[in-house]
Number of protein chains: 2
Amino acid sequence: MRADARDNRARIMTAADDVFGRSPGASTDDVARLAGVGIATVFRHFATKTELLEAVLTLRLERIRDRALELAGSDDPGTAFFEFFTQVVSESASKLAIAEALTAAGAAAGEEAREAGRGMREAFSGLLTAAQKAGAVRADAEMPEVYALLIGASRGATAAKLDPETRDRMLALIYDGLKPRG
Amino acid sequence: MRADARDNRARIMTAADDVFGRSPGASTDDVARLAGVGIATVFRHFATKTELLEAVLTLRLERIRDRALELAGSDDPGTAFFEFFTQVVSESASKLAIAEALTAAGAAAGEEAREAGRGMREAFSGLLTAAQKAGAVRADAEMPEVYALLIGASRGATAAKLDPETRDRMLALIYDGLKPRG
DNA sequence: GTATAAACGGAGTGATGACTTCGAATATAT
DNA sequence: ATATATTCGAAGTCATCACTCCGTTTATAC
């Protein structure tokens, strides 16, 4: 692959991440314009708009998964779990599309993105069970509902455009529900 | 207003509520077809698609507000609060779809819908303070974060397509965080 | 430096969907 | 029953967007 082609591909990905992050309904032309390339170039690298969206989504999911895996090495599983949770939520609040990305991952996404979503959930599940073994999270909370909480908190924070203080107060309420009964 | 016109208007509203509740991206033609009227009739009653969406959204918000006001009369404020919360979350799927359609249509909610939303929030706030006075909800939880939880739970349940059991388990976690510390 | 294969951009194309127009149909007043 | 004012629906218009074609440019191998 020629050097300029690789450059352009990277620029398109970055632009798409930015544009679709701001408004999911944006057009392919918008992406091309921001990337500073012609529209044909976008379609040469990504055969369809869906393919482009999937590539961006996959990248985001993998980034989140990597952070989870990184935190999994921590020697304080409780802190690791809550820190990850908080980080995902606050990132989604600033970057409007992350919540939608999470949804799309579970729902009708292509194989690549679905795989990335699976990896992310697995990493999160690992954090959860470790935190439970350490006694930081109640043992009767299971993955499906805890994951639902994560998505819900993310989407809620984004949709309601919460300021950081309110967001933290909301998270504090959620965490109190997740901690073992005193 | 002629009788057939009023009839059609009602049929269009019902059809729109149904169609947009199912898929936010639906076209005006879809609505007309389900309502059994021509497309021009839809536009005669609602000048733009946005206007139609707003009418439907407003109706839904008012219905929720009425439910809250109804429960406000209860002599068990704690139960009333949690029952309302649960009900909103389980019914949220279609309401959110409509709200999403509205934002997708470009226009943020217009004055009418915004007013309905305000009324709904006020009614919810009343339920909350009553439940707190009755000792069923911790006193240090304030409206913004509790409302954020409501939105988050709704959006999360919808986005993750939770089955009822998981949804209830998620709500149980949230409610544990909202109850006074044991 | 030149050849050539690869990549580029911008002007199309076709489909879709919001909205309009206008002649046909129908409810109500007389 | 008839007049007429109002409503109806099907066939348009126009803008937008995903995607393609093709002549031009540019990186790299020799």
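A quick note: this is a predicted structure, and the numbers were derived from the prediction, not measured. Worth knowing before you read on, the calculation uses all heavy atoms, side chains too, and leaves out hydrogens, waters and symmetry mates. Each chain gets a letter, A, B and so on, in the order its sequence line appears, and its residues count up from 1.
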Scan residues 32-42 of chain A for pairs that pass salt bridge (Lys or Arg N to Asp or Glu O under 4.0 Å), counting only residues two or more places apart or in two chains.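 Every pair satisfying salt bridge (Lys or Arg N to Asp or Glu O under 4.0 Å) with a residue in residues 32-42 of chain A: D30(A)-R33(A).
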
Rounded to the nearest angstrom, tell me the gap between atom [atom1] in [X] and atom [atom2] in [N].
X	N	atom1	atom2	value
D4(B)	dA24(C)	CG	P	19 Å
F46(B)	dG17(C)	CZ	C1'	19 Å
D7(A)	dC8(C)	CG	P	10 Å
K49(A)	dT16(D)	NZ	P	15 Å
N8(B)	dA27(C)	CG	P	11 Å
D29(A)	dG9(C)	CG	P	13 Å
I39(A)	dT16(D)	CD1	P	15 Å
F43(B)	dG12(D)	CZ	P	18 Å

Establish, for the pair K49(A) and F20(A), whether the NZ or CZ atom is under 6.0 angstrom from the six-membered ring centre and no further than 45 degrees off its axis.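 Verdict for F20(A): no cation-pi partner in K49(A).
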
Below the 4.0 Å mark, does dG17(C) have OP1 or OP2 next to a side-chain nitrogen or oxygen of T28(B)?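 No, because none of the side-chain N or O atoms of T28(B) sits under 4.0 Å from OP1 or OP2 of dG17(C).
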
For dT7(D), does OP1 or OP2 lie under 4.0 Å from any side-chain N or O of H45(B)?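 For H45(B), the contact criterion (side-chain N or O under 4.0 Å from OP1 or OP2 of dT7(D)) is not met.
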
Can you pull the side chain to side chain donor-acceptor pair (under 3.5 Å) pairs that have at least one residue in residues 36-46 of chain B, sequence neighbours excluded?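 Listed by first then second residue: nothing to list.
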
Sugar-phosphate, base or nothing in reach of A40(B), heavy atoms under 4.0 Å: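 Answer is base: heavy atoms of A40(B) come under 4.0 Å of a base.
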
Which part of the nucleic acid, if any, lies within reach of A3(A) when heavy atoms closer than 4.0 Å are counted: base, sugar-phosphate only, or nothing?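 Sugar-phosphate: the residue A3(A), judged by heavy atoms under 4.0 Å, touches backbone atoms but no base.
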
V37(A) side chain, from C-beta outward: closest of dA18(D), dG9(C), dA18(C):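 Output: dG9(C).
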
Let's see if you can work this out: which of dA18(D), dG9(D), dG9(C) has an atom nearest to the side-chain heavy atoms of R44(B)?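 When the side chain of R44(B) is considered, dG9(D) is the closest of dA18(D), dG9(D), dG9(C).
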
If I take atom CG from residue D17(B) and atom NZ from residue K95(B), how far apart are they, to the nearest 0.5 angstrom?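 The NZ atom of K95(B) is 12.5 Å from CG of D17(B), to the nearest 0.5 Å.
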
Evaluate the ring planes of F81(A) and F124(A), with Trp represented by its six-membered ring, and classify them as parallel (under 30°), tilted (30 to 60°) or perpendicular (over 60°).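 Judged by the thresholds at 30° and 60°, the geometry between F81(A) and F124(A) is parallel.
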
Using a distance-only criterion (donor-acceptor N/O pair, under 3.5 Å, no hydrogens), is the base of dA7(C) paired with the side chain of R2(A)?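 Under the 3.5 Å cut-off, the side chain and the base do not form any donor-acceptor pair.
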
Which residue, T41(A) or G25(B), contacts DNA chain C at a nucleotide closer to its 5' end, judged by nearest heavy atom?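 Its nucleotide being nearer the 5' end, the pick is T41(A).
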
